[in-house]
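In what follows, a structure is listed as structure tokens, so that the remarks can point back to it.
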Amino acid sequence: MRVRFAPSPTGQLHVGNARTALFNWLLARGSNGTFILRIEDTDAERSTRESEGEILRDLRWLGLDWDEGPDVGGPRGPYRQSERLHLYQSYAKELLGADAAYYCFCSTAQLGAEREEAVAAGRTARYAGTCRRLSRDQAAARIAAGERPAIRFRVPEARDVVFTDIVRGDVRFHTDVIGDPVIVRADGHPAYNFAVVVDDALMEVTHVIRGEDHISNTPRQVLLNEALGFTPPEFAHLSLVMGPDHSPLSKRHGATSVAEFRSRGYLPEALVNYLALIGWSPRGPAAGRTAGDDAELLPIEELVRRFSLDRVGHSAGVFDEEKLAWANRHYLKTADAVRLARLSLPYFAEAGVRMAPDDRGLEFLASALAMASSSVDRLNQVPGRLAFLFDYAPARTLADAALREELSADAARSVVAALAEELAPAPRLDRERFRAAAHQVKARTGQKGRALFHPIRVALTGRAEGPELDLAVPAIDHGAELPESAGIPKIIGNRERAAAFSRALGGIP
Ligand code: GLU
């Protein structure tokens with residue numbers, strides 16, 4: 001099996017296209033097949049190398065590696081259409097020679113007018129066939145006179161084109177509704193329908209798996225295969241990924257690109273797993289179901305093992321970010337802690353905490369992350385949960401009117417003062433030592449429950465809420481112990497925090 005993902009580098013990788021890539025990849029990996037990445041950049045105005053680079057980066061981030069492609073090469077290259085123009089030229093010549101294609105001199109303005117007329121009259125717009133009847137000599141004369149024609153494929157008249165789609169069964173089109181498509185534009189660039197046929201044939205693609213927005217292109221491609229003497233590949237058209245209102249997922253639904261979901265803090269395995277469940281179910285076609293309804297989260301190896309096209313449904317799959325968040329929560333809980341620590345660095349940087357931790361620093365972050373990762377949906381929420389470690393300033397805490405009032409009451413003051421005294425001579429706190437210290441403060445002040453622990457929390461974390469103190473307090477001192485070389489920004493220890501907070505309270509009448 002040879003399959004391909006063929007993005008046009010005209011923007012970010014949309015999650016719908018990422019799902020197409022994923023389905024192709026799963027099939028290739030599950031059948032010892034080959035996964036090809038082909039860049040369809042013949043639209044010179046809209047294609048950019050930057051977008052190509054981003055698409056490659058996002059596929060890699062998802063873990064979808066390719067066996068042949070623009071960067072890795074392969075036996076059927078080149079894998080960028082812009083580097084294959086000579087091939088399209090030569091096949092177009094062949095079709096011209098066989099009279100299966102003809103030169104078309106119609107101007108854009110003329111074609112536009114014809115289209116408008118058809119639409120106004122309620123007809124489907126298709127090429128009127130003006131240049132179909134030009135003789136070779138007439139065409140040659142016009143070219144000699146300096147006109148630059150496009151090349152059109154001559155669609156055979158009055159017959160059916162039938163192909164069997166793996167997802168939708170037999171699909172039939174009558175050629176009378178298919179206008180002759182342009183295969184090479186006047187500027188010499190091939191049109192999509194032509195390039196795709198030449199490339200799929202030369203790259204020996206066996207299965208074309210793509211979005212159903214291409215289903216109406218398929219009869220043209222079947223006919224072009226026929227005219228060029230190629231055996232057409234098998235086709236499978238996937239239903240599109242929809243927003244909650246059942247229209248194709250687009251900007252107005254919110255995030256649509258892989259890059260956006262990454263920057264929101266989703267893990268690649270969560271996105272991959274969730275995308276696999278849109279329109280496919282490990283238990284049978286997911287007709288009418290919202291992806292994720294069957295609460296089936298499978299690691300990638302298991303997806304590879306179980307994926308097959310006969311369990312792909314043909315009704316549209318709805319993308320539900322809540323379900324994605326659910327998958328993400330699952331993977332945040334099960335992912336390797338040090339990996340999560342590494343993955344969280346860009347989100348910390350975005351939140352203003354820049355760091356380049358070494359192994360010790362990563363290990364510290366990983367243990368701190370354990371406090372946060374069970375209570376967040378996404379990695380970008382982690383820095384907020386752990387801000388108390390890096391950002392501690394009693395004056396700022398006490399600028400909050402409610403906290404100021406709470407902490408400057410006599411009972412709370414006595415708790416903070418006793419805490420500062422208890423910690424002054426104490427070694428760094430682990431959980432047991434913290435409990436013992438809290439016990440001493442309780443004995444000295446007579447405060448208990450919230451009246452004891454809330455002032456302690458505010459004094460040590462600078463915040464009214466956060467992770468369990470039993471975890472947060474030891475994490476603060478673990479961080480404070482780290483040498484500078486660990487690459488973690490300086491963390492103020494509990495002892496110093498208690499003293500500073502007590503001093504700050506002393507300044508409040
Ligand atoms: N470049 C086309 C697209 O991005 C590829 C379609 C196909 O797979 O044939 O939609």
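Read the numbers this way: they start at 1 and go in the same order the structure lists the ligands and their atoms. The figures that follow rest on heavy atoms only: side chains count, while hydrogens, waters and symmetry mates do not.
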Query - Among Ile36, Asn17, Ile39, Leu64, side chain to side chain contact (heavy atoms under 4.5 Å, CB included) partner for Phe5 - result: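 Of the listed residues Ile36, Asn17, Ile39, Leu64, the side chain to side chain contact (heavy atoms under 4.5 Å, CB included) partner of Phe5 is Asn17.
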Query raised in the report: Given the rule in the ring pair (Phe, Tyr, Trp, His ring centres under 6.0 Å) test, do Phe261 and Phe319 qualify, once you have shown the distances and angles that lead to the verdict?
Result: CA-CA 13 Å; Phe261 286 103; Phe319 189 93; 5.4 Å; yes
Requested in this report: Please list, chain by chain and in numerical order, all residues satisfying ring-ring contact (aromatic ring centres under 6.0 Å, His included) with Phe23, sequence neighbours excluded.
Outcome: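 With neighbours one apart ignored, the set is Phe307.
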Requested in this report: Specify whether Tyr192 and His214 have parallel, tilted or perpendicular ring planes, treating 30° as the upper limit for parallel and 60° as the lower limit for perpendicular.
Outcome: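 Tyr192 vs His214 ring planes: tilted.
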Enumerate, one pair per line, all nitrogen or oxygen atoms of ligand 1 lying under 3.5 Å from a protein nitrogen or oxygen, stating the separation to 0.1 Å; write 'none' if no such pair exists.
residue: ligand 1; atom: 1 (N); partner: Ala6; partner atom: O; Å: 2.8
residue: ligand 1; atom: 1 (N); partner: Ser8; partner atom: OG; Å: 3.0
residue: ligand 1; atom: 1 (N); partner: Glu40; partner atom: OE1; Å: 2.6
residue: ligand 1; atom: 8 (O); partner: Arg4; partner atom: NH1; Å: 2.7
residue: ligand 1; atom: 8 (O); partner: Arg4; partner atom: NH2; Å: 3.4
residue: ligand 1; atom: 9 (O); partner: Arg4; partner atom: NH2; Å: 2.9
residue: ligand 1; atom: 9 (O); partner: Tyr192; partner atom: OH; Å: 2.6
residue: ligand 1; atom: 9 (O); partner: Arg210; partner atom: NH1; Å: 2.8
residue: ligand 1; atom: 10 (O); partner: His214; partner atom: NE2; Å: 2.7

Query - Salt-bridge present (Glu68, Arg38; N to O < 4.0 Å) - result: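 Salt bridge: no.
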Query - Short N-O contact, Asp71 and Arg60, less than 4.0 angstrom - result: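 Yes.
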